[in-house]
Amino acid sequence: MDKKVELQVINITNSQAQIGAFAMLLGEVDGERQLPIIIGPAEAQATALYLKGVKTPRPLTHDLFTTSLTVLGASLIRVLIYKAKDGIFYSYIYLKKDEEIIRIDARTSDAVALAVRADCPILIYESLLEQECLRMSAEKRNRSEETEDDEESEEEHSSSAPTSLSLEEALQQAIKDENYELAAQIRDQINSRNKNQ
């Protein structure tokens, strides 16, 4: 059985490539892996306002759903991101009523917006996180700096197709610049190359 890893919301930023969209960055609790997810403006606003402690004059949709669960005697106990396909993440929310556990399919952006309100864990399968994550480690930074002086590295940089090393450097720069959407695209390209090798 695939182990589950807990995530937390680290940041929500404007999408640099798509007007009106946002990038939500989830980070591994007690770890360095990060997962960028593209979300809509309503979910971005709902999550950001709640995390900043801003009270809205009227309940937002996610507040209404959370209140409805409480009134009906149910509680949100966890969120599970279980699949990714073509850049879209799929999630379940798990509700508990009396002794019954109910699983409901949900958009990941909605599931996270509900999870922060219910203060419940956001989980992802270890294998999925490893496949889709962004990572900024000292080892990769050091390796990139050492190989820049290498003649072979310079030859690779002069070719028209991006090399694995140049993609890794571009990935690290995108993370540093907090351009998580670009970082996700570069990560997908790296994953595709690794599968074809």
Side-chain angles (χ1 to χ4, degrees), residues 1-16 18-134 175 178-181 183-184:
M1 188 71 178
D2 203 351
K3 189 178 109 178
K4 296 180 186 83
V5 177
E6 186 172 354
L7 301 172
Q8 61 190 349
V9 178
I10 294 177
N11 197 7
I12 299 174
T13 60
N14 288 321
S15 169
Q16 297 178 6
Q18 189 176 343
I19 296 172
F22 291 79
M24 176 169 58
L25 187 66
L26 301 175
E28 179 181 18
V29 173
D30 300 325
E32 65 178 26
R33 294 175 292 184
Q34 298 177 341
L35 188 71
I37 297 175
I38 305 306
I39 63 174
E43 296 78 17
Q45 180 187 42
T47 304
L49 289 177
Y50 187 84
L51 290 173
K52 290 178 181 176
V54 176
K55 301 284 185 196
T56 56
R58 303 293 297 141
L60 298 176
T61 306
H62 299 94
D63 299 317
L64 174 62
F65 188 86
T66 304
T67 302
S68 299
L69 287 178
T70 304
V71 169
L72 295 171
S75 59
L76 179 63
I77 57 172
R78 70 181 169 271
V79 164
L80 174 64
I81 303 170
Y82 67 91
K83 181 172 89 170
K85 184 178 179 185
D86 299 326
I88 298 171
F89 291 89
Y90 295 79
S91 296
Y92 292 127
I93 59 172
Y94 288 83
L95 308 177
K96 183 173 185 181
K97 181 169 171 50
D98 301 323
E99 296 305 310
E100 184 181 6
I101 305 289
I102 303 161
R103 183 182 78 185
I104 301 173
D105 190 30
R107 294 186 310 169
T108 300
S109 56
D110 288 325
V112 170
L114 292 171
V116 297
R117 285 164 171 76
D119 195 25
C120 74
I122 302 164
L123 305 173
I124 186 170
Y125 288 119
E126 168 73 35
S127 60
L128 181 58
L129 178 60
E130 188 60 33
Q131 176 186 321
E132 299 292 331
C133 76
L134 303 174
I175 295 170
E178 296 184 0
N179 187 347
Y180 304 121
E181 188 171 357

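The residues of the chain are indexed from 1 along the displayed sequence.
In this structure the side chain of E6 never reaches within 4.5 angstrom of the side chain of I122, judged on heavy atoms. Using a 4.5 Å heavy-atom threshold, the side chains of L26 and M24 count as touching. Between L72 and L69 there is no side-chain heavy-atom pair separated by less than 4.5 Å.
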Can you check side chain to side chain contact (heavy atoms under 4.5 Å, CB included) on Q34 and I10, steps first, answer last?
-> CA-CA 9 Å; Q34 298 177 341; I10 294 177; 3.9 Å; yes
Working for side chain to side chain contact (heavy atoms under 4.5 Å, CB included), residues I93 and I102 | CA-CA 8 Å; I93 59 172; I102 303 161; over 6 Å; no
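Residues passing the ring pair (Phe, Tyr, Trp, His ring centres under 6.0 Å) test with F89: none are found, sequence neighbours excluded. Partners of T47 according to the side chain to side chain donor-acceptor pair (under 3.5 Å) rule, which considers only residues two or more places apart in sequence or in another chain, do not exist here. Remark: F65 engages no residue in a ring pair (Phe, Tyr, Trp, His ring centres under 6.0 Å) (not counting sequence neighbours). Scanning for side chain to side chain contact (heavy atoms under 4.5 Å, CB included) contacts around Y50 gives V116, R117, with sequence neighbours left out. Under the side chain to side chain contact (heavy atoms under 4.5 Å, CB included) criterion, A44 pairs with I12, F22, I39, sequence neighbours left out. For S75, the side chain to side chain contact (heavy atoms under 4.5 Å, CB included) partners at least two apart in sequence or on another chain are I77, K96. E132 is linked by a side chain to side chain donor-acceptor pair (under 3.5 Å) to R187, counting only residues two or more places apart in sequence or in another chain. For S127, the side chain to side chain contact (heavy atoms under 4.5 Å, CB included) test picks out D2, Y125, with sequence neighbours left out.
Separating the CG atom in L123 from the CG atom in L129 is a distance of 11.5 Å, to the nearest 0.5 Å. Considering NZ of K3 and CD1 of I124, their distance stands at 13.0 Å, rounded to 0.5 Å. A distance of 10.0 Å separates CZ of R58 from CG of L64, quoted to the nearest 0.5 Å. Here the CD1 atom belonging to I38 is positioned 12.0 Å from the OG1 atom belonging to T108, to the nearest 0.5 angstrom. Separating the CD1 atom in I37 from the OG atom in S109 is a distance of 8.5 Å, to the nearest 0.5 Å.
The 12-atom threshold is not exceeded at CG of D119, counting heavy atoms of other residues, nucleotides or ligands nearer than 6.0 Å.
Heavy atoms only, all atoms of each residue included: V79 and A115 are closest at CG2-CB, 3.7 Å. Between I81 and L128, the closest heavy-atom pair is O-CD2, 3.8 Å.
If you run side chain to side chain contact (heavy atoms under 4.5 Å, CB included) between L76 and each of L114, I104, T66, T70, only L114 comes through.
Listed by first and then second residue, the salt bridge (charged side-chain N to carboxylate O under 4.0 Å, His left out) pairs that reach into residues 33-53 are E28-R33, R33-E126, R33-E130, E43-R107, sequence neighbours excluded. For residues 72-81, no pair satisfies salt bridge (charged side-chain N to carboxylate O under 4.0 Å, His left out), with sequence neighbours left out. Each salt bridge (charged side-chain N to carboxylate O under 4.0 Å, His left out) pair with one or both residues in residues 64-77, not counting sequence neighbours, would appear here, but there are none.
Under the 30°/60° scheme for interplanar angles, the aromatic rings of Y90 and Y82 are found to be tilted.
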